[in-house]
Amino acid sequence: MGEQYNHAAVEDKWTKYWAKNPINVNDGKKPKYYCLDMFPYPSGNGLHVGHWRGYVISDVWSRYKLMKGHYLIHPMGWDAFGLPAENYAIKMGIHPAVSTAENIKNIKRQINQIAAIYDWDMEVNTTDPGFYKWTQWIFVQMFKKGLAYEKEMPINWCPSCKTGLANEEVVSGKCERCGADVTKKDLKQWMLKITAYADRLLDDLDKLDWPEKVKKMQTEWIGRSYGAEVDFKIDGRDEAITVYTTRPDTLYGATFMVLAPEHKLSPTLATDETRAAVEQYITDSANKSNVDRLQNKEKTGVFTGSYAINPMNGAKIPIWLSDYVLADYGTGAIMCVPAHDDRDFEFAKKFDIPIVQVIAKDGKEIENMEEAYTEASGLMINSGDWNGMESSELKVKAPHIIEEKGFGHAKKNYKLRDWVFSRQRYWGEPIPIVHCPKCGAVPVPEEELPLTLPDVEKYEPTGTGESPLAAIEEWVNCKCPVCGEAAKRETNTMPQWAGSSWYFLRYVDNKNDKELVDKAKAHEYLPVDMYIGGVEHAVLHLLYSRFYTKFLYDIGVVDFEEPFKKLFNQGMVTGKNGVKMSKSMGNVVSPDDLVRDYGCDSLRMYELFVGPPELDSEWDDRGIDGVNRFLNRFWNLVMENKDKDVAETEELKTIRSQLVDTITKRLESFSLNTVVSGFMEFSNTLSKLSAKGGVDKETLKTFARLLAPFAPHIAEEIYEILGGEGSVFASGWPEADAAALVVNTKEIAVQINGKMRATIKIDVNADKDTVISAAKEAAGKWLTDNIVKEIYVPGKIVNIVCK
RNA sequence: GCCGGCAUGUCGGAAUUGGCAGACGAGACAGACUCAAAAUCUGUUAUCCGCAAGGGUGUGUGGGUUCAAGUCCCACUGCCGGCACCA
């Protein structure tokens with residue numbers, strides 16, 4: 001037997017070789033393949049084995065594409081703005097730029113241990129002024145197109161972080177980052193009008209090769225619905241309350257209305273008798289945090305004392321206030337049809353409001369209604385001239401009827417809301433806007449970008465809602481770019497999402513200071529062919545990136561509308577019992593020691609072998625011994641056979657082709673865990689053949705080539721030992737010999753009455769009678785004289801049914 | 001509550017999509033090598049009955065379709081993730 005495999009020496013040798021002889025080169029002829037990882041936030045904790053897994057998956061896929069003859073775009077960068085660096089600065093007094101740079105250094109070291117073929121010439125960092133110049137530039141373009149606007153609105157306020165939060169950052173009423181209960185605060189906020197793109201964001205999902213799950217989540221997040229806006233006159237006043245409804249067909253059944261307490265008409269509806277109660281209810285709702293409002297399932301409400309007129313039948317219906325109506329969806333007011341809506345039904349029952357059924361169930365009116373009838377099908381009743389119409393048809397026609405009658409119109413609505421884009425924080429891109437007393441909000445001229453983030457003494461949020469930047473007078477005070485008069489800079493910064501919404505465009509032209517990206521380069525290398533990352537970004541990051549790309553398409557920066565053609569979500573790696581790896585749980589496994597003890601190749605393969613890549617997997621350190629033993633066994637197999645000059649037999653040729661076929665199929669279907677087990681199986685088979693007579697070099701070489709994307713170092717070494725020319729990655733992806741894959745004999749199972757009783761060897765081309773009689777012979781003792789049925793599925797199975 | 005996903009040996013997980021359940025690996029047990037241990041190699045390892053040959057049972061639960069069900073259908077249970085009164 002040859003020398004033992006020394007992973008440290010071999011891995012070091014090939015790391016140096018690749019540095020001198022790059023394997024991913026653009027000769028201008030190869031088709032490009034852009035494989036992108038979701039870039040990391042450079043946390044001080046470094047990477048754990050879960051982060052590693054995503055990068056290994058993308059590297060295996062990239063190397064496979066490389067061997068298939070592509071030029072790879074496989075870049076890496078840093079999403080480095082954000083709260084943790086700032087909080088660390090507050091705690092330790094270290095500038096975020098300093099701690100971030102340190103963290104990047106450490107994580108880059110860890111990423112290099114993976115031996116992924118990232119092109120570091122393409123590296124980007126969202127905190128680099130040369131990068132955020134363009135993040136700011138995009139904002140200015142959006143401002144010019146009216147997509148960035150200021151709005152005074154009640155925003156979510158985290159009293160602990162002392163900062164505003166986007167709706168998306170509030171998780172069940174609590175701050176996404178610190179877990180504190182979120183309250184509300186009125187602040188002037190920069191907003192991005194993502195809702196202007198709602199239809200395109202929804203409709204274009206069809207074009208994407210993404211997991212259905214993610215598409216569905218985005219669809220629901222956008223939440224498009226079709227209905228009508230209807231005006232209800234307030235009794236005794238000239239004003240009307242406009243409501244949005246998806247069920248205009250049930251208009252005759254509207255027996256009351258409910259307004260959100262925040263609705264601007266709410267305070268005006270109170271009468272002398274109800275004023276105290278109404279004002280109390282409005283105050284209470286305003287003070288309630290989102291948590292209380294959500295936890296209290298029991299509906300609350302107060303009658304205003306005012307009435308509205310149902311425009312269809314002229315009925316006087318009471319107007320109520322309740323916090324189950326949301327101020328910021330639809331019009332903040334609803335018409336209530338208790339007979340056909342669960343929530344309205346519950347409310348009507350509780351407050352004893354009449355219930356009028358307008359759609360017949362099974363052709364009849366329901367006696368003693370106990371729950372709302374929510375089906376949109378059935379004939380209309382109690383509905384004047386609509387009686388007898390089919391409700392599902394009326395639902396479509398009603399908006400037009402209403403429009404003709406002049407008290408409403410058809411309307412589309414979305415759950416998607418505009419994006420709150422300002423943060424009262426230091427560590428983010430300054431929003432490039434100047435507030436001039438005369439000219440209003442004016443963008444910083446493009447030639448003055450980047451508007452760099454100044455140094456501050458104190459990073460703490462001010463607690464008043466202002467950013468720490470507000471304290472730097474010489475930065476805040478400036479001249480208006482339009483009129484030249486004294487003006488003040490915007491002091492809010494952008495959210496972390498700003499940079500990550502477009503970074504993938506910058507990789508291919510990361511040093512360009514004239515344009516965000518050169519058009520020719522963007523056309524040549526983009527869009528991204530494969531995007532790999534965690535499912536936690538299914539909605540926000542992926543939706544924002546799609547929005548940005550569509551906007552940049554509209555202003556002619558790029559010539560494609562969707563950034564990511566294919567998406568793969570890898571599962572999480574958890575600790576024992578599926579517990580998420582976290583510092584506080586003390587179950588974080590660092591890859592560093594494993595790389596040192598077992599080598600990069602072993603860890604790469606174990607990251608894949610631990611479970612199906614798309615599912616969560618429990619990490620168990622002991623499992624890595626299995627793949628490590630496999631690599632050593634394969635090494636020993638090569639050592640045994642390298643000088644033997646074994647002739648290629650038919651059997652070996654068949655095994656070789658099966659190996660290529662199996663690995664390629666599993667790899668193509670992203671079943672990376674079974675690729676690894678496939679390697680083990682074939683290695684075991686070859687070991688047995690080696691003991692008998694030996695294994696030919698061509699087979700071992702093919703094995704090494706297939707192994708290369710997974711365990712690149714050992715594959716290179718073995719390929720070289722076996723006399724391969726140059727890098728194994730230049731050898732192309734092996735092809736299976738179709739002729740050798742054809743098998744003539746096969747062992748199949750024989751079932752009697754569905755129970756497996758024997759196996760027989762058959763000629764795959766044998767006819768049914770031949771196979772059946774062979775089966776009868778093999779399983780004769782189970783047969784009776786009364787044979788009911790004989791089934792032969794060619795090449796698969798025999799089943800004989802007898803009584 | 002709604003929408004997804006999952007459920008297979010002691011453990012992680014396979015099963016060509018309806019065709020021999022438990023591949024591959026971990027762990028455990030036994031043996032070889034060794035003064036000894038580690039490493040390595042060989043074997044056993046779902047479960048029940050049986051000395052054995054052999055047979056029965058078995059993929060969360062209950063039913064169904066089928067020659068044949070881990071896989072399809074119906075009902076249910078448990079766990080994980082997402083959304084949370086969206087009119």
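Only heavy atoms go into these numbers, but all of them, side chains included; no hydrogens, no water, no symmetry mates. Naming: A, B, ... by sequence-line order, numbering from 1 per chain.
Residue A:Glu681 is in sugar-phosphate contact alone, with no base atom involved, counting any heavy-atom pair closer than 4.0 Å across all strands shown. Among the heavy atoms of the strands lying under 4.0 Å from A:Arg757 are primed sugar atoms or P, OP1, OP2 only; no base atom is included. If you check every strand for non-hydrogen atoms under 4.0 Å, A:Asn673 touches sugar and phosphate atoms only. Residue contacts for A:Met756: at a heavy-atom cut-off of 4.0 Å it reaches a base atom on one of the strands shown. The residue A:Asn799 sits close to a base: some heavy atom pair falls under 4.0 Å. If you check every strand for non-hydrogen atoms under 4.0 Å, A:Lys665 touches nothing. Counting non-hydrogen atoms under 4.0 angstrom, A:Arg633 reaches the backbone sugars and phosphates but no base. Counting any heavy atom pair closer than 4.0 Å across all strands shown, A:Asp342 reaches no nucleic acid atom. Within 4.0 Å of A:Glu747, counting heavy atoms only, lies at least one base atom of the nucleic acid. Base contact: A:Val793 has a heavy atom under 4.0 Å from a base atom. A:Trp619 comes within contact range of no nucleotide atom at all, as no heavy-atom separation falls under 4.0 Å. Among the atoms of the strands shown, only primed sugar atoms or phosphate atoms (P, OP1, OP2) are found under 4.0 Å from some heavy atom of A:Lys213.
Ring pair A:Phe710/A:Phe679: centre-to-centre distance below 6.0 Å. Separation of the A:Phe347 and A:Phe256 ring centroids falls under the 6.0 Å cut-off.
Note on A:Tyr324: every side-chain N or O is 4.0 Å or more away from OP1 and OP2 of B:A87. Phosphate contact (OP1/OP2 of B:G27, side-chain N/O of A:Arg629, threshold under 4.0 Å): present.
Ion pairing of A:Lys776 with A:Glu790 is present here, as a side-chain N (NZ or NE/NH1/NH2) and a carboxylate O approach within less than 4.0 Å. Taking a cutoff of 4.0 Å between a charged side-chain nitrogen and a carboxylate oxygen, A:Arg247 and A:Asp341 do not qualify as a salt bridge. The existence of a salt bridge linking A:Lys349 and A:Glu346 is excluded, since no basic side-chain nitrogen approaches an acidic carboxylate oxygen closer than 4.0 Å.
B:C83 atom C1' lies 12 Å from atom CZ of A:Arg417, rounded to whole Å. Rounded to a whole Å, the CG atom of A:Leu259 is 17 Å from the P atom of B:C86.
Comparing A:Met217 and A:Ser225 by the nucleotide of RNA chain B that holds the closest heavy atom to each, the one mapping nearer the 5' end is A:Met217.
Residue A:Lys299 places a side-chain atom within donor-acceptor reach of the base of B:C85, judged by atom type and a 3.5 Å distance cut-off alone.
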task: Please report the C-alpha distance between A:Thr674 and A:Ser671 in whole Å, then the side-chain angles of each, then the deciding distance to 0.1 Å, and finally whether the side-chain hydrogen bond (donor to acceptor under 3.5 Å, both in side chains) criterion is met.
output: CA-CA 6 Å; A:Thr674 62; A:Ser671 180; 2.6 Å; yes
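Tested against A:Tyr606, the residues A:Trp52, A:Trp619, A:Phe630 include a single ring pair (Phe, Tyr, Trp, His ring centres under 6.0 Å) partner, A:Trp619.
Between A:Ile797 and A:Ile748 there is no side-chain heavy-atom pair separated by less than 4.5 Å.
Within a heavy-atom distance below 4.0 Å of RNA chain B, the residues of residues 602-610 of chain A found are A:Phe609, A:Val610.
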